[in-house]
2 protein chains.
Amino acid sequence: MKKKAIVNDTPICRVRMQAISDAMSILSGKWKFHILGTLIEGSKLGFMDLLREVDGIGTKMLSKELQDLEVNQLISRTVMNTKPVTVKYAITENGKSLQPIIDELAKWGISYRKSVFNNKS
Amino acid sequence: MKKKAIVNDTPICRVRMQAISDAMSILSGKWKFHILGTLIEGSKLGFMDLLREVDGIGTKMLSKELQDLEVNQLISRTVMNTKPVTVKYAITENGKSLQPIIDELAKWGISYRKSVFNNKS
DNA sequence: GAAAGTACTTTCCTAAAGGAAACTACTAAG
DNA sequence: CTTAGTAGTTTCCTTTAGGAAAGTACTTTC
């Protein structure tokens, strides 16, 4: 008689696990939270603005991540009718719904850093 | 005169960005949240238990991820004094502090899936 | 008409993540 | 003495992530 999964073998757990996988696949990578966080703080930023705000990112990654976020409707991209064409990126309502996750993540990161500092110095 | 970052150039933002990077580096990867979630639900599980509970994971990844999580004090590893040696993994207090993040992530993933379903079908 | 700015894309490359399968080592049951 | 179970490690491989640099295209300023 082989053993099978018990703890995670309930419909509720399966839905939760699926949901976490979904969220992770959309939010994975080095830059997504930084871009989203920046757009939540200061909405309506151009490509070059974001390049300056998101410390360390390059054009290729910024371009790619913005496309991913737009496809998933977390940000919007608006081409402005200006003489040198400008583009404005802004957070969407869907994107704003990530605020609690970003806040929890930042809160946890700060307290984790403190606990490491307390134990090691 | 070159433009510089404005939105993210406050001490508070820098600390938040750093905190998010810290959290991400500890929690990145395909399996960490699944393992932590499983250990929060059913504490004290063996290696083979986790292999069965965490759907799709292989021995190499499970072994590696457990080591990472132990180094960061999010889980504990206890070798039991039994005849065929067994090992029990359990969540630590530090690990339990991730519950809000996991809950928010699951909540967001569920509502995101619903919104996709509503718009596309 | 050269420089500089906006907004990207493309190419080329390296490093990290992840998976399958085999292997180690030990014990207990039949 | 063979099978099965616990607890991994090691090797080999493919895929994905990420970065640097150059190129495209168009416009305004000097």
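Per chain, numbering begins at 1; letters A, B, ... match sequence-line order.
The salt bridge (Lys or Arg N to Asp or Glu O under 4.0 Å) search around B:R14 returns B:D9, not counting sequence neighbours.
Distances shown here put a side-chain N or O of B:Y89 below 4.0 Å from the OP1 or OP2 atom of D:dG8. Contact annotation: B:R77 side-chain N/O to D:dG8 OP1/OP2 distance is under 4.0 Å.
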Report task. Could you encode protein contacts along nucleotides 9-28 of chain D as a string, one character per nucleotide from 5' to 3', using B for base contact, S for sugar-phosphate-only contact and - for no contact, with a heavy-atom cut-off of under 4.0 Å? Result -> BBB------BBB------SS
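In the model, A:Y89 has no side-chain atom that pairs as donor or acceptor with a side-chain atom of A:D49 under 3.5 Å.
Taking CG of B:L36 as the reference point, atom CD1 of B:I101 lies at 10.0 Å (rounded to 0.5 Å). Rounded to the nearest 0.5 angstrom, A:E104 CD and B:I102 CD1 are separated by 11.5 Å.
With rounding to whole Å, B:N81 atom CG is found 14 Å from D:dA7 atom P. When the P atom of D:dG8 is taken as reference, atom CG of B:L69 falls 13 Å away, rounded to whole Å.
No side-chain donor-acceptor contact under 3.5 Å links B:T86 to the backbone of B:M80.
Atom NZ of B:K88 sits in a crowded spot, with more than 12 heavy atoms from other residues, nucleotides or ligands closer than 6.0 Å.
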